[in-house]
Amino acid sequence: MMPERSCTAGTYTTAELLAVMASRALSDGLIVFAGVGTPLLAATLAQRLHAPGLTILFEGGVIGPFIVPGELPPSTNEQRCTRHANMVCPITDVLLLLQRGYVDVGFLGGAQIDRYGNLNSSFIGDPDHPKTRLPGTGGGNDIASLSHVMVVMKHEKRRFVEQVEFITSPGYLRGGTTRRDAGLLAGGPQLIITDLAELGFHPETKRMQIQALHPGVSIEHVQANTGFVLDIAGDVRVTDKPSERELHVLRQLDPDRLYIA
Amino acid sequence: MMPERSCTAGTYTTAELLAVMASRALSDGLIVFAGVGTPLLAATLAQRLHAPGLTILFEGGVIGPFIVPGELPPSTNEQRCTRHANMVCPITDVLLLLQRGYVDVGFLGGAQIDRYGNLNSSFIGDPDHPKTRLPGTGGGNDIASLSHVMVVMKHEKRRFVEQVEFITSPGYLRGGTTRRDAGLLAGGPQLIITDLAELGFHPETKRMQIQALHPGVSIEHVQANTGFVLDIAGDVRVTDKPSERELHVLRQLDPDRLYIA
Amino acid sequence: MTAYERLRAETTERDRSLREKVMSLDEAARLVQPGAHVALGGCMMSRTPMAMLWALVRAGRRDLTFSRSIVSSDGDIIFASGLGRKIITSWFSQGIVWGVSRVMRHWVETGRAEFEEWSHMSMGLRFRAGAMGIPFMPIRSMMGSDVHSRVSAQTHPMTCPFTGEPLVLVPALTPDVALIHVQRCDPYGNAQLDGLQFMDIDLPMAAKRVIVTTERIVSNERIRRTPDQTKFPFFTVDAVVEVPYGCAPHECYGQYEPFFKHMDMFAEMTRQDPERGSQEYLERFFHEPPSWNHALERMGLQDLLTATRGGRSIHDA
Amino acid sequence: MTAYERLRAETTERDRSLREKVMSLDEAARLVQPGAHVALGGCMMSRTPMAMLWALVRAGRRDLTFSRSIVSSDGDIIFASGLGRKIITSWFSQGIVWGVSRVMRHWVETGRAEFEEWSHMSMGLRFRAGAMGIPFMPIRSMMGSDVHSRVSAQTHPMTCPFTGEPLVLVPALTPDVALIHVQRCDPYGNAQLDGLQFMDIDLPMAAKRVIVTTERIVSNERIRRTPDQTKFPFFTVDAVVEVPYGCAPHECYGQYEPFFKHMDMFAEMTRQDPERGSQEYLERFFHEPPSWNHALERMGLQDLLTATRGGRSIHDA
């Protein structure tokens with residue numbers, strides 16, 4: 001049953017678009033290390049739609065929680081995120097699952113990303129005299145260093161930059177083999193989902209490229225909202241708009257519209 | 001209340017002598033990593049007599065068990081040794097207490113010991129073609145490598161040898177600074193308690209020396225039962241024979257005479 | 001004398017006997033020496049030893065160094081009160097829902113305090129190495145990032161002699177004192193904690209002193225009936241203080257959730273003028289109340305009851 | 001491709017989805033490949049996965065390599081049956097009260113089987129390194145001993161780059177399969193075990209496959225009510241087999257103690273002629289009984305009830 005104040009099925013918010021598109025990228029049986037907000041919402045939506053055997057991990061030390069509609073946790077470190085979990089364990093041990101290789105997807109939100117998928121959530125300006133000190137890595141650096149990463153974020157010029165000022169969570173560093181050369185033998189960014197498009201990385205150059213466009217969005221529009229020149233994949237798909245069923249289930253999960261407003 | 005079949009207070013068995021002498025060496029407040037048998041019995045006796053704040057650790061992962069008269073455990077790895085424990089934890093973590101430096105005394109029984117306090121519980125004869133394969137180190141090597149060690153054993157020529165054929169648990173290796181030179185920065189054997197005497201090690205040479213004799217035992221007698229020439233400390237004490245109280249409490253702890261027969 | 005021999009000597013000197021060590025917040029505060037490195041248990045808004053921080057602020061401690069897995073408004077209070085001038089952690093902000101902490105930003109951006117950033121797993125493994133009595137832990141993350149390059153003077157690169165693989169060695173953390181809040185503990189310091197454990201199994205083993213605040217002091221007999229629920233042993237602990245709601249306005253698993261309205265208020269108070277706002281907050285909730293219970297009274301019974309209902313609901317899960 | 005990349009690839013290939021994996025002992029036995037390195041949970045006479053060993057002997061597996069913290073009569077059975085020809089452990093004998101194992105001695109002293117000896121902490125830290133996804137763990141024991149010199153080709157000495165202290169690096173153990181017996185587990189493999197944990201938290205994370213035998217299969221709903229009691233997660237597990245008294249004649253904490261009379265009998269049977277005695281034992285208790293329950297029947301109801309009374313008494317403590 002949908003709360004009255006939710007918008008009609010025909011239209012949807014940016015947050016709803018991101019959640020639906022991200023959920024489609026999560027296939028059944030995966031183990032997903034998820035942050036709060038859209039990542040958690042999208043993973044839970046995938047469980048409800050097509051991936052009942054998908055497992056969510058939370059940084060606070062939570063394995064396989066089962067999110068109940070209307071009970072979305074506000075963070076991954078408080079008791080609310082342990083609801084119906086299969087296991088809770090020390091933080092260090094849930095993070096070690098990344099190093100041991102048990103995690104299929106590290107699912108992050110992004111503040112600032114660059115051409116090679118490096119993420120910055122630490123500093124704006126000179127780190128020694130920052131214009132803005134941001135909260136930092138948390139487990140982001142470990143997730144990005146040790147697993148295949150999926151990122152959801154708003155597509156804005158100030159967020160998509162040629163080169164981040166500070167690499168908090170490593171992508172492909174300077175492209176090519178530089179990630180592996182730096183000592184990172186596994187993982188790397190796979191998919192960037194924005195409100196405009198889906199972007200991946202070229203197998204050799206590791207440069208970011210447009211893979212798919214959301215309905216009604218042009219390559220020019222994506223480029224216009226990106227701070228560097230994007231490559232374009234051989235065949236650029238156009239995604240299907242969120243279905244009534246996807247939106248219906250999503251809105252049931254977040255009746256208070258904490259994350260989908 | 002003493003069971004009738006126990007011997008009279010005036011006389012005592014070798015096992016009783018070892019347990020009483022060892023208990024006297026354990027002062028209050030110590031953390032003692034104890035094996036089963038005489039070490040456990042002596043540590044428990046010390047708790048009852050003069051060291052109520054003494055803590056026992058068992059290799060199976062047991063911290064501060066409280067042994068109840070008549071319930072002496074048969075090993076340190078089964079549930080009986082968890083009775084009234086303050087904590088049980090993984091084996092690796094109770095052994096790591098040794099490495100972290102929390103343990104005052106590692107209390108071992110010995111099969112074979114040499115002039116420098118090295119212990120052998122692995123092989124008799126050539127390790128590649130052993131005459132006898134013994135059970136091995138267990139935690140003995142870790143205890144001897146990382147803590148100050150106290151050993152209780154019967155005083156026999158075949159057990160006190162010039163040089164053990166195989167160093168299972170390191171003492172002072174070849175004497176002098178060789179233990180430290182090998183990389184062992186802490187611990188080392190402190191006191192060897194036998195049914196004849198108490199032996200220590202010379203501060204510089206690290207050679208074994210007689211420190212005390214039990215009542216009615218001569219230095220010649222000890223030497224005659226030792227496979228190498230013992231040094232003799234400046235002042236050799238004579239120990240007090242087990243008191244009625246000590247024997248009384250000890251016999252209450254082991255009414256079935258599992259370990260004191 | 002090597003670092004390990006010093007650590008051993010310091011540990012040997014401690015009274016590790018089975019003894020009662022129940023005391024007041026003020027008495028416990030005296031165990032924290034000037035200049036100490038203080039590790040905080042819990043994570044973010046959960047099992048934060050807030051009452052102990054309250055006592056340290058009131059005791060006039062200043063310029064301490066702190067470390068914690070993730071820091072929330074406790075970090076803001078540490079900077080604003082002058083209790084600490086450096087915090088070693090992986091993430092520092094009141095909480096995602098309140099945006100980036102203005103107090104943290106103000107103190108760091110004006111250079112009056114330092115936020116040293118390590119990856120979350122690195123923080124955990126640095127504590128674990130300290131707990132294990134080894135000088136470092138090898139890890140496979142951090143490499144190639146600026147998070148690493150900013151602290152690389154404290155780490156060592158290594159090529160694995162077994163596999164030839166690149167590794168980073170992160171140094172053990174052995175804090176002078178750890179402050180940990182648990183649901184129950186006996187008078188000797190045997191602590192049992194429910195639910196999320198965070199880094200609180202390793203912290204007491206890594207630290208050189210431990211102060212435990214607990215919702216309830218229970219008998220040693222009770223602890224001995226479920227020894228497999230004890231998370232760290234008495235001999236690591238130097239002080240036991242019974243402090244109901246000792247994490248407020250943060251949460252304690254199964255007991256109470258964060259006081260969300262109070263957290264909203266803190267964010268509101270510090271949004272416009274982080275400096276004045278935080279000083280007002282400290283006056284009202286730290287300096288004026290004569291006791292921790294009075295501080296709770298200031299937070300308000302309604303918020304406390306709401307948080308309690310939420311906390312207890314975990315048991316219906 | 002480095003060792004780590006192979007480990008990652010093997011882990012990625014596993015079906016780690018939330019799925020039921022309940023099967024019989026025979027079906028589970030098929031998951032153990034010829035030549036496999038099999039790690040055994042529990043320690044000495046406690047939580048030994050005896051029923052699973054019983055199934056492997058009957059399945060005709062031979063010449064496997066085993067590892068365990070401490071080995072008791074399970075090791076005698078492994079050697080005597082030919083199931084394994086090499087055991088990596090820290091201590092190997094039926095138990096102190098029965099003297100040195102004649103079966104172990106016979107097979108080792110005649111060179112027909114190998115007992116590779118490591119210190120107990122080294123065994124634990126080798127499993128822990130495997131569980132953590134690192135190639136080694138630095139330790140401060142073993143140095144200077146012949147226990148070390150006999151395996152030193154497998155270790156590396158190191159001078160700590162932080163402290164200059166000497167260390168030994170022991171290599172991670174990543175067994176092909178781990179066999180673990182627990183008190184309760186759900187159909188997905190979420191395992192909860194009471195009391196002594198031994199090395200059974202690290203083992204499932206270190207191994208490449210895990211077979212869990214359990215006294216009871218409980219519902220996933222029950223597990224989710226106390227997630228902080230789950231000791232290892234479902235996705236590490238490949239098979240769940242319900243086997244009441246699955247450790248007999250060894251113990252399972254809180255359920256049953258060792259069948260002491262039976263253990264006396266085993267020692268007696270193997271004292272004079274370890275070879276013939278152990279073959280007789282295998283005939284009576286491994287080959288002749290058509291099912292594990294029939295093997296228990298052979299052990300005898302009286303011994304089973306005595307062991308059960310003792311096991312349950314832990315809860316009166």
Side-chain angles (χ1 to χ4, degrees), chain A residues 35-37 59-62 74-85 88-93 95-96 98-99 118 120-123 127 129-146 164-170 173 178-179 181-186 258, chain C residues 43-46 69-70 89-93 95-97 100-101 104-105 108-109 111 115 117-125 127-128 139-150 157 165-168 195-202 250-254 257-258 260 310-311 314 317:
Chain A
V36 281
E59 193 166 335
V62 186
S75 99
T76 60
N77 304 289
E78 282 77 44
Q79 72 174 43
R80 282 190 187 185
C81 64
T82 66
R83 290 280 164 133
H84 308 289
V88 301
C89 65
I91 284 174
T92 308
D93 296 294
L95 289 164
L96 282 169
L98 293 156
Q99 185 164 272
N118 303 301
N120 174 22
S121 57
S122 298
F123 297 96
H129 305 89
K131 191 173 144 303
T132 307
R133 186 32 157 136
L134 299 171
T137 163
N141 177 280
D142 305 307
I143 292 167
S145 298
L146 299 166
V164 290
E165 293 172 287
F166 187 90
I167 299 179
T168 304
S169 303
L173 300 181
T178 54
R179 177 184 169 97
D181 300 344
L184 300 175
L185 303 181
L258 280 177
Chain C
C43 177
M44 201 160 167
M45 286 187 293
S46 194
S69 65
I70 282 180
T89 188
S90 70
W91 197 88
F92 186 164
S93 198
I96 296 156
V97 290
V100 184
S101 162
M104 178 279 281
R105 282 194 56 190
V108 172
E109 291 166 16
F115 158 22
E117 181 177 344
W118 292 74
S119 82
H120 207 179
M121 190 175 80
S122 304
M123 286 300 299
L125 291 174
F127 285 128
R128 186 159 290 180
I139 68 167
R140 299 183 188 274
S141 71
M142 297 270 279
M143 292 179 275
S145 71
D146 291 320
V147 173
H148 182 225
S149 57
R150 265 183 86 75
E165 293 160 350
L167 299 164
V168 176
L196 294 162
Q197 300 157 50
F198 304 122
M199 299 180 180
D200 296 353
I201 312 283
D202 292 322
H250 288 186
E251 81 166 26
C252 182
Y253 186 100
E257 285 198 303
F260 286 110
I314 201 74

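Letters A, B, ... are given to chains in the order of the sequence lines, protein chains preceding strands, and every chain is numbered from 1. The basis for the numbers below is simple: all heavy atoms, side chains too, and nothing from hydrogens, waters or symmetry mates. Predicted model, so just to flag it, every value in this text is computed and none were measured.
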Toward chain A, the part of [X] with a non-hydrogen atom under 4.5 Å:
{"X": "C:Phe260", "result": "side chain"}
{"X": "C:Ile70", "result": "side chain"}
{"X": "C:Leu167", "result": "neither"}
{"X": "C:Pro258", "result": "side chain"}

Q | Residues A:Asp142 and C:Ser119: side-chain donor-acceptor under 3.5 angstrom | A | yes
Within this structure, what is the [atom1]-[atom2] distance for the pair [X] and [Y], rounded to the nearest 0.5 Å?
{"X": "C:Tyr253", "Y": "A:Arg80", "atom1": "OH", "atom2": "CZ", "answer": "13.5 Å"}
{"X": "C:Met45", "Y": "A:Glu78", "atom1": "CE", "atom2": "CD", "answer": "4.0 Å"}
{"X": "A:Thr92", "Y": "C:Met123", "atom1": "OG1", "atom2": "CE", "answer": "9.5 Å"}
{"X": "A:His129", "Y": "C:Glu109", "atom1": "NE2", "atom2": "CD", "answer": "12.5 Å"}
{"X": "C:Ser145", "Y": "A:Asn141", "atom1": "OG", "atom2": "CG", "answer": "4.0 Å"}
{"X": "A:Asn77", "Y": "C:Leu196", "atom1": "CG", "atom2": "CG", "answer": "8.0 Å"}

Is there a side-chain contact between [X] and [Y] (heavy atoms, below 4.5 Å)?
{"X": "A:Pro135", "Y": "C:Phe92", "value": "no"}
{"X": "A:Leu184", "Y": "C:Pro166", "value": "no"}
{"X": "A:Phe166", "Y": "C:Arg150", "value": "yes"}

Q) For C:Asp146, what residues pass the salt bridge (charged side-chain N to carboxylate O under 4.0 Å, His left out) criterion, not counting sequence neighbours? A) none
Using non-hydrogen atoms only, which part of [X] is less than 4.5 Å away from chain C: side chain, backbone, both, or neither?
{"X": "A:Val164", "answer": "neither"}
{"X": "A:Leu98", "answer": "neither"}
{"X": "A:Ser121", "answer": "neither"}
{"X": "A:Leu134", "answer": "both"}

Is [X] reaching over with its side chain to a backbone N or O of [Y], donor-acceptor style, under 3.5 angstrom?
{"X": "C:Gln197", "Y": "A:Ile91", "value": "no"}
{"X": "C:Glu117", "Y": "A:Ser122", "value": "no"}
{"X": "C:Glu251", "Y": "A:Gln79", "value": "yes"}

Can you tell which of [options] has the highest number of heavy-atom pairs within less than 4.5 Å of chain C?
{"options": "A:Gly60, A:Ser169, A:Gly37, A:Pro127", "value": "A:Pro127"}
{"options": "A:Ser145, A:Gly138, A:Gly183", "value": "A:Gly138"}
{"options": "A:Ala182, A:Pro90, A:Gly139", "value": "A:Pro90"}

Q. Are A:Leu258 and C:Val97 close enough, and set up right, to give a side chain to side chain contact (heavy atoms under 4.5 Å, CB included), and what steps lead you there?
A. CA-CA 10 Å; A:Leu258 280 177; C:Val97 290; over 6 Å; no
**Q.** Partner of C:His120 by side chain to side chain contact (heavy atoms under 4.5 Å, CB included), out of A:Leu95, A:Ile143, A:Thr137
**A.** A:Leu95
**Q.** Verdict with supporting geometry, C:Arg128 and A:Asp93, salt bridge (charged side-chain N to carboxylate O under 4.0 Å, His left out)
**A.** CA-CA 11 Å; C:Arg128 186 159 290 180; A:Asp93 296 294; 3.0 Å; yes
Q. Do you know which of C:Ser101, C:Gly111, C:Cys252, C:Gly124 has the most heavy-atom pairs under 4.5 Å to chain A?
A. C:Gly124
Q: Would you check, one step at a time, whether the test side chain to side chain contact (heavy atoms under 4.5 Å, CB included) holds for A:Thr132 with C:Val100?
A: CA-CA 10 Å; A:Thr132 307; C:Val100 184; 5.5 Å; no
